[in-house]
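Read the structure below first, then the notes.
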Amino acid sequence: MYAQIVFPVSAPGLYTYRVEGELALRVRVGARVFAEFGRKSIWGYVFKLVESADREKLKPVLSVGAEAHFLSPEYVKFLLWLSDYYLAPPGEVLRAAFSKAF
């Protein structure tokens, strides 16, 4: 399984990561996950789950946050709609929605 993650950064798009082992039991749309982004590891949110990926070598999801910090699938859908409607990168929409959390 692969998770498409949005990080609270200005970079465009969703980033695909491998979900391995027991983490696959906890990862779902809206899950808060910790993964390596560039040279550091940061928290992001799973916006989509897919069965296959275009690239063979992908970084893994490192951990999953507490379920209390998960977003509902409806809220994720709303954030993606906002991103599309306002032509804003999903990471900027996420950061604006949770300006106090990041």
Side-chain angles (χ1 to χ4, degrees):
M1 172 172 45
Y2 299 91
Q4 294 187 324
I5 302 172
V6 172
F7 295 98
V9 296
S10 296
L14 286 79
Y15 298 88
T16 306
Y17 286 76
R18 287 188 330 265
V19 180
E20 301 174 326
E22 63 184 54
L23 291 181
L25 300 173
R26 297 186 55 214
V27 170
R28 65 176 191 263
V29 172
R32 187 173 188 223
V33 295
F34 198 64
E36 188 177 325
F37 187 77
R39 295 182 181 167
K40 59 184 177 178
S41 296
I42 60 173
W43 290 100
Y45 283 91
V46 176
F47 272 36
K48 293 182 182 179
L49 292 173
V50 294
E51 292 296 321
S52 63
D54 294 338
R55 294 177 45 195
E56 289 181 26
K57 279 193 150 187
L58 293 172
K59 295 177 184 178
V61 169
L62 300 174
S63 66
V64 180
E67 204 160 322
H69 297 132
F70 285 18
L71 304 177
S72 72
E74 294 82 14
Y75 195 67
V76 168
K77 187 176 176 181
F78 173 67
L79 292 175
L80 284 171
W81 177 85
L82 281 175
S83 173
D84 185 53
Y85 185 82
Y86 289 105
L87 303 175
E92 285 186 16
V93 172
L94 181 66
R95 188 172 49 200
F98 296 101
S99 61
K100 301 286 185 192
F102 297 109

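Nothing fancy with the numbering, it's 1 onward along the sequence.
Nearest approach of Ala3 to Val27, heavy atoms of both residues: CB-CG1, 4.4 Å. In plain terms, the two heavy atoms of Trp43 and Ser63 that are nearest each other are CH2-OG, 4.2 Å. Here the shortest heavy-atom pairing between Pro90 and Leu14 reads CG-CD1, 4.2 Å. Of all the heavy atoms in Gly30 and Tyr45, the pair that sits closest is O-CD2, 3.5 Å. In plain terms, the two heavy atoms of Pro73 and Val29 that are nearest each other are CA-CG1, 4.3 Å. Heavy-atom minimum distance, Val93 versus Leu82: CG1-CB, 4.0 Å.
Checked against side chain to side chain contact (heavy atoms under 4.5 Å, CB included), Ala24 has the following partners two or more places apart in sequence or in another chain: Met1, Val19. Taking the ring pair (Phe, Tyr, Trp, His ring centres under 6.0 Å) definition, one finds that Phe47 meets it with nothing, sequence neighbours left out. With sequence neighbours left out, Phe37 forms a ring pair (Phe, Tyr, Trp, His ring centres under 6.0 Å) with Phe7, Tyr15. Remark: Glu92 engages Ser10, Pro89, Arg95 in a side chain to side chain contact (heavy atoms under 4.5 Å, CB included) (not counting sequence neighbours). Legend: residues meeting side chain to side chain contact (heavy atoms under 4.5 Å, CB included) with Tyr75, ordered by chain and number and at least two apart, are Leu71, Ser72, Phe78, Leu79, Ala97, Phe98. Residues satisfying the side chain to side chain contact (heavy atoms under 4.5 Å, CB included) test with Ser52, not counting sequence neighbours, are none.
Here Ile42 contributes atom CD1 and Phe34 contributes atom CZ; the two are 8.5 Å apart, rounded to the nearest 0.5 Å.
Residues in residues 58-86 take part in these salt bridge (charged side-chain N to carboxylate O under 4.0 Å, His left out) pairs, two or more places apart or across chains: Arg28-Glu67, Glu36-Lys59.
Not one N or O on the side chain of Thr16 forms a donor-acceptor pair closer than 3.5 Å with the backbone of Gln4. Proximity of a side-chain donor or acceptor of Arg26 to a complementary backbone N or O of Gly65 within less than 3.5 Å is detected.
Linking ILVMFWY side-chain heavy atoms closer than 4.5 Å, directly or via other members, places Leu25 and Val64 in two distinct hydrophobic clusters.
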